[in-house]
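Before any comments, here is the structure.
Chain letters run A, B, ... following the sequence lines, proteins first, then strands; residues in each count from 1.
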Amino acid sequence: MARLLDETAALLEIDAADPFRVRSYRRAAEAVEQQTTPLASLVDDPKQLLAIAGIGKGMAANIVDLERTGSMPLRDELLTKYRPSMLDLLRLPSMGPKTVALLFSALQIENMDQLETAAKEGHLAKLPRFGQKQVDKLLKGIEDHRRNSGRFRIDNAGETADKIAAMLREFPGIETITPAGSLRRGRETVGDLDLLVTGPACEADVVSAAVEYVATLPLIDVLLAKGQNKVSFTLRNGLQVDVRLLPRASYGAALQYFTGSKMHNVSLRQKALKRGYTLSEYALARLNPEEGESSIVAAATEEEIYAALGMQWIAPELRENCGELEAAEAATLPSLITLDDIRGDVHMHTVATDGAFTIREMADAALARGLKYIAITDHSKNLAMTNGLDDYRAQAHVRAIQAVDAEMEGRIRVFAGIEVDILQDGSLDLEDETLAMMDVVVGSVHSAFQMPSDEMTARLLRAIENPYLRILGHPTGRKLLRRDPYVFDMDGVLRRCAELGVAVEHNAAPARADLSDLNLRKAKALGCRISVNTDAHSIDDLAKMRFGITQLRRAWLEPKDVINTLDVDAFLSALRPRPAHVGA
DNA sequence: GCCGTTTTCGGCCCGACTGTTTTCAGTCG
C-alpha cells in the first residue's frame with residue numbers, strides 16, 4: 001500500500017500537480033509503512049485511520065479503497081494518462097518529473113528502452129535543456145541503472161567509507177571525517193555514502209585546495225559534481241559518494257542536516273520555525289535578530305542544536321520521524337542498548353560443520369571481545385553440504401564443547417548447542433535424546449523456497465511446539481539483497497513464541513538481517529524474548545554483533561528487551577525451561 | 001491533501017549544483 005501511494009505521488013508530480021498535494025501522498029506512504037498493526041483491521045474504523053499523523057479524510061478514503069480493491073480512483077485516472085514504466089525513468093540521474101513529462105508529451109517516451117533509442121538517434125537534441133552533456137549523462141545513467149540499480153549492504157559501505165577516510169586523512173589540515181546519511185542512521189542498506197570532513201583545511205578561504213585533492217582521488221570512477229565545498233563521484237562498483245568539506249564552526253549543523261532522515265529534518269525545521277528559529281546545514285539561527293545581536297544560536301555540535309530547540313540529543317538510529325522528536329521534547333527517549341550491554345552470543349559454528357575455527361579458537365576470540373558466555377551451535381545432519389552433525393557426531397560434539405568449557409575455567413562459559421534444521425513437516429532432524437543434551441537448541445529453517453505462506457506458518461508453529469527448541473533461529477530466512485524473506489504469519493508465530501517462552505533470534509550478520517526494525521518492534525510489543533546473535537562462521541564474524549545492535553537500536557530497544565544482556569544464569573532461566581524428564 | 005497556542009484558510013524546510021536559461025528552471029539531498 002505504501003508503494004502504491006508513493007507511485008501515486010510520483011504520477012501526480014509528473015502531472016504537475018500541487019507540490020504540497022504530492023508531499024501529502026508521500027507522507028501518507030511513510031505513515032502507512034510505519035504502522036505495526038495491519039491496516040486491514042483499521043479500515044473498518046475511520047477514527048483509527050484519522051488518528052495517524054499525515055492521514056486526513058481524503059487519504060483515509062484512499063486507504064479504504066486500496067485495501068478493498070487494490071487501487072484507488074486517482075491512481076486509476078493517472079494511469080490512463082501515464083504509464084507505470086515512466087516511474088522507472090525517475091530513477092535516472094538528473095531525471096525528475098518535469099523532464100519525464102516533457103519526454104512523454106514531446107516524444108511519447110514512456111520507458112527506458114525508448115529513452116535510450118531516442119538518445120542514441122539524436123531525437124533529444126531538439127528538446128529544451130538537452131545539450132550533448134545532458135544526453136551523455138543520461139546514457140551513462142541508463143547503463144549504470146541496468147548494471148546496478150540496487151543498494152549496498154551497510155558493512156560493505158562502511159568498509160568503503162573507512163578506505164576513503166584513510167585517503168582523505170593524507171591531506172594536511174583534514175582532521176575529522178564522519179559518515180552521515182543512512183550509514184550513520186544504521187539502515188541495513190545504503191543508497192549512497194555521505195562523508196563530512198572538517199579541519200583547518202576546510203575553512204572557507206583555503207578549502208578549494210582540499211576540494212581539488214578530493215576531486216582527483218584515484219578511486220574515482222566518474223566525477224559527478226564539484227562545487228565550492230562539495231565533491232560527488234561514483235566508484236567502479238556504482239556506489240555514489242558525496243564528500244562535503246565544512247568549517248569547524250558549522251560542523252554540528254552539517255552533521256545533523258546530512259544525517260537526516262529527510263522526514264526527521266523537515267519536522268525538526270518546522271519545530272525550529274515555531275520557536276522563531278531557522279535551521280539550515282550551516283546553523284540554527286534567529287529569524288529576526290535584535291539590533292547588534294548575533295543571529296546564530298548553535299552550529300558547532302548537534303547537542304547544542306537539539307538543546308536550543310528544547311530537546312534531548314537524538315541518537316541517529318532513531319531519526320526517522322517516528323515519534324523521536326516528541327519523545328526528545330518530553331525527555332522520554334529510551335536508553336538504547338549498546339554493544340557493551342551484550343554479554344553472550346549463542347549461535348556460532350566451528351570446523352565440525354561449516355565454520356572456519358575450532359571450539360577453543362571461537363571461545364578465545366569471544367573472551368577477547370569481553371563476552372561472558374557463548375554457545376557452539378553447529379548444523380545438524382539435514383544440512384549435508386555443511387557436513388551437518390548426525391545424532392552420533394552431535395553427541396560427541398557436546399562432549400568436546402564441555403571439555404573446552406572446563407578448559408576456560410569460568411573466564412567464559414561455553415555452552416553446548418545445535419542449530420537444528422526444521423524439516424518441511426515442522427519436525428526436527430535429530431532425536432530428542434540428542435537434543436536433551438544441549439543447553440541451547442536453535443531451530444532454523446534452511447529451505448523454504450516457494451512454500452505457501454500457510455504451510456510455512458504451520459511448519460514453524462509445529463517446530464516451536466517441540467519442547468527442546470529454545471530459540472527460533474533467523475526466522476525470516478532473509479538474505480539481504482539476495483533473497484526475499486520467507487512469507488508466513490509473522491504475528492501468529494511471534495505470539496506463540498511469546499506464549500511458549502521460545503526466544504526469537506535477531507541475526508546480527510548484515511547478510512542475514514532477519515528481523516527488520518518493524519518486526520523487532522512487533523516482537524517486543526508481543527512480549528517475545530529477543531536474542532541477538534552473530535551466527536559466526538569465523539572469529540572475525542563475531543565483530544558483526546555491532547550491526548545487530550544497530551538494528552535493535554533502530555527498533556527503540558533497551559538492554560532489558562534483549563536476553564543477551566543478562567548474566568549467564570539469568571540468561572539460561574530466561575530461555576524456555578527444558579523438559580523435566582531430562583533429569584539433573 | 002494535511003493541519004491548527006496564527007484553527008476552516010492559507011500556509012506547507014532549505015540551500016547547492018548543473019547546464020545552457022543571458023536571469024533561472026530543474027534536480028538533488
For this session: Provide the full list of salt bridge (Lys or Arg N to Asp or Glu O under 4.0 Å) pairs with a residue in residues 70-79 of chain A, sequence neighbours left out, each pair given once.
Result: A:Glu7-A:Arg75
For this session: Please list all pairs passing the salt bridge (Lys or Arg N to Asp or Glu O under 4.0 Å) test where one or both residues lie in residues 202-216 of chain A, with sequence neighbours left out.
Result: A:Glu212-A:Lys226
Problem set entry | Base-pairing mate for B:dT8 - Watson-Crick or G-U, with both contacts under 3.5 Å | none
Problem set entry | Charged N-O contact under 4.0 Å between A:Lys47 and A:Asp45 | no
Exercise. Using a heavy-atom distance cut-off of less than 4.0 Å, which residues of residues 251-270 of chain A contact DNA chain B?
Worked result: A:Tyr257, A:Lys262, A:Val266, A:Arg269, A:Gln270
Seminar exercise, completed: What residues 6-25 of chain A contributes to the DNA chain B interface at heavy-atom separation below 4.0 Å is A:Asp18, A:Phe20, A:Arg21, A:Arg23, A:Ser24, A:Tyr25
Please set out all donor-acceptor pairs under 3.5 angstrom arising from side-chain atoms of residues 166-180 of chain A, sequence neighbours excluded.
unit_1: A:Glu175; atom_1: OE1; unit_2: A:Arg248; atom_2: NH2; d: 3.2
unit_1: A:Thr176; atom_1: OG1; unit_2: A:Arg248; atom_2: NH1; d: 3.2
unit_1: A:Thr176; atom_1: OG1; unit_2: A:Arg248; atom_2: NH2; d: 3.0
unit_1: A:Thr178; atom_1: OG1; unit_2: A:Tyr251; atom_2: OH; d: 2.8

Exercise. Is it true that A:Glu320 and A:Arg185 have a side-chain N and a carboxylate O under 4.0 angstrom from each other?
Worked result: yes
Problem set entry | DNA chain B: 5'-most and 3'-most nucleotides touching chain A, 4.0 angstrom heavy-atom criterion | B:dG1 to B:dG29
Seminar exercise, completed: Within residues 90-107 of chain A, the residues having a heavy atom closer than 4.0 Å to DNA chain B are A:Leu92, A:Pro93, A:Ser94, A:Met95, A:Gly96, A:Pro97, A:Lys98, A:Thr99
Problem set entry | Where at least one partner belongs to residues 55-65 of chain A, residue pairs that pass salt bridge (Lys or Arg N to Asp or Glu O under 4.0 Å), sequence neighbours excluded | none
Exercise. Heavy atoms under 4.0 Å, any strand shown: does A:Thr278 hit a base, just sugar-phosphate, or nothing?
Worked result: sugar-phosphate
For this session: For A:Tyr82, check ring pair (Phe, Tyr, Trp, His ring centres under 6.0 Å) against everything at least two apart and list the hits.
Result: A:Phe104
For this session: Quick one: which residue pairs count as a salt bridge (Lys or Arg N to Asp or Glu O under 4.0 Å) with a foot in residues 109-123 of chain A, not counting sequence neighbours?
Result: A:Arg83-A:Glu110, A:Asp113-A:Arg146, A:Glu116-A:Lys120, A:Glu116-A:Arg146
Solution key, residues 257-264 of chain A side-chain donor-acceptor pairs under 3.5 Å, sequence neighbours excluded:
unit_1: A:Thr259; atom_1: OG1; unit_2: A:Arg184; atom_2: NH1; d: 2.7
unit_1: A:Thr259; atom_1: OG1; unit_2: A:Leu255; atom_2: O; d: 2.6
unit_1: A:Ser261; atom_1: OG; unit_2: A:His264; atom_2: N; d: 3.4
unit_1: A:Ser261; atom_1: OG; unit_2: A:Arg319; atom_2: O; d: 3.1
unit_1: A:His264; atom_1: ND1; unit_2: A:Glu324; atom_2: OE2; d: 2.7
unit_1: A:His264; atom_1: NE2; unit_2: A:Tyr306; atom_2: OH; d: 2.9

Exercise. Who passes side chain to side chain donor-acceptor pair (under 3.5 Å) against A:Gln134, sequence neighbours left out?
Worked result: A:Ser94
Exercise. For the atom pair OG (A:Ser280) and CG (A:Asn265), what is the distance rounded to the nearest 0.5 Å?
Worked result: 11.0 Å
